[in-house]
Amino acid sequence: MTRITIDVNGVEVGGNTHQNLLEQLENAGIQPEYQCRSGLCGACRCKLNQGSVTQHDAMAFVMPGEILACQSAPQTNVSIVFDYQPACMKKQVNEA
């Protein structure tokens, strides 16, 4: 597993090369829109500005330069942009 940086609408978070972008963003407290998680609906569509991803086959239509966050795993540092600002939630840390 390789550690990478994911830039989402100007916010940088740490990531890896084995999980899809949607899962990694959620783990970092960023909540992009989605409905199906299987590449059917296209709700998680975003523009890939920089870097490379491996994208699994999907039924949703994407324009050139766009990817589906639920079906794409980054292979390098990436910069992606959603047409909206995804919600961010604070992650709670439990201390014993």
Side-chain angles (χ1 to χ4, degrees):
M1 171 175 70
T2 303
R3 299 293 302 162
I4 56 146
T5 300
I6 303 168
D7 180 300
V8 140
N9 289 29
V11 175
E12 285 191 4
V13 297
N16 61 64
T17 57
H18 73 276
Q19 281 181 298
N20 69 50
L21 284 165
L22 180 60
E23 291 173 352
Q24 293 187 64
L25 295 177
E26 289 176 326
N27 289 340
I30 299 173
Q31 299 176 312
E33 294 178 7
Y34 70 90
Q35 292 177 7
C36 70
R37 293 186 179 268
S38 61
L40 294 173
C41 72
C44 66
R45 179 183 299 114
C46 58
K47 182 177 179 185
L48 178 64
N49 282 342
Q50 186 176 18
S52 64
V53 299
T54 300
Q55 182 163 282
H56 298 286
D57 290 335
M59 297 290 290
F61 177 76
V62 291
M63 298 285 291
E66 291 182 334
I67 60 171
L68 298 175
C70 72
Q71 296 298 302
S72 299
Q75 297 307 299
T76 64
N77 293 338
V78 293
S79 174
I80 59 175
V81 174
F82 290 94
D83 288 340
Y84 57 92
Q85 188 63 40
C88 291
M89 60 183 224
K90 292 183 178 181
K91 296 192 76 160
Q92 294 183 354
V93 177
N94 294 331
E95 295 184 25

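Counting from 1, the numbers follow the sequence of the chain as shown. Only a predicted model underlies this, so the values are computations on that prediction, with no experimental measurement involved.
For the atom pair K47 NZ and M63 CE, the distance stands at 11.0 Å (nearest 0.5 Å). For the atom pair L22 CG and I30 CD1, the distance stands at 11.0 Å (nearest 0.5 Å). The distance from atom OG of S38 to atom NE2 of H56, rounded to the nearest 0.5 Å, is 12.5 Å. One finds the CD atom of Q75 at 3.5 Å from the OG1 atom of T54 (value rounded to the nearest 0.5 Å). The CG atom of N9 lies 4.5 Å from the CD atom of Q85; values are rounded to the nearest 0.5 Å. Taken from SG in C46 to CD in E33, the straight-line distance is 12.0 Å, to the nearest 0.5 Å.
Applying the salt bridge (charged side-chain N to carboxylate O under 4.0 Å, His left out) test to every pair with at least one member in residues 56-84, sequence neighbours left out, gives these pairs: R45-E66.
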| query | When you look at Q55 and L68, which way does the side-chain contact (heavy atoms from CB on, under 4.5 Å) test go after all the steps? | reply | CA-CA 8 Å; Q55 182 163 282; L68 298 175; 4.1 Å; yes

| query | Going through the checks in order, is the side-chain contact (heavy atoms from CB on, under 4.5 Å) test met by R3 and N16? | reply | CA-CA 5 Å; R3 299 293 302 162; N16 61 64; 4.3 Å; yes

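Within the 3.5 Å criterion, the main-chain N or O of T5 finds no donor-acceptor partner in the side chain of E12. Judged by distance alone, with hydrogens and angles left aside, the side-chain atoms of T76 form no donor-acceptor pair with the main-chain N or O of G51 at under 3.5 Å. Of the possible polar contacts, none joining the Q50 side chain to the N77 backbone as a donor-acceptor pair under 3.5 Å is found.
There is a path of hydrophobic side-chain contacts, each under 4.5 Å, that joins V11 to L48. F61 and V53 fall into different hydrophobic clusters, where Ile, Leu, Val, Met, Phe, Trp and Tyr are joined by side-chain heavy atoms under 4.5 Å apart, directly or via other members. At a threshold of 4.5 Å between side-chain heavy atoms, the hydrophobic network of Ile, Leu, Val, Met, Phe, Trp and Tyr places I4 and V8 in one connected group.
Surrounding CD of Q35 are at most 12 heavy atoms belonging to other residues, nucleotides or ligands under 6.0 Å away.
The minimum heavy-atom distance between C41 and A60, with the atom names listed, is C-CB, 4.0 Å. Residues R37 and Q71 share a closest heavy-atom pair of O-NE2, 3.5 Å. Summarising the geometry of A43 relative to Y84, their closest heavy-atom pair is O-OH, 4.3 Å, with the distance given to 0.1 Å.
Among D7, N49, I67, the one residue that satisfies the side-chain contact (heavy atoms from CB on, under 4.5 Å) test with I80 is I67.
Residues Y34 and C70 fail the side-chain proximity criterion, which asks for heavy atoms closer than 4.5 Å.
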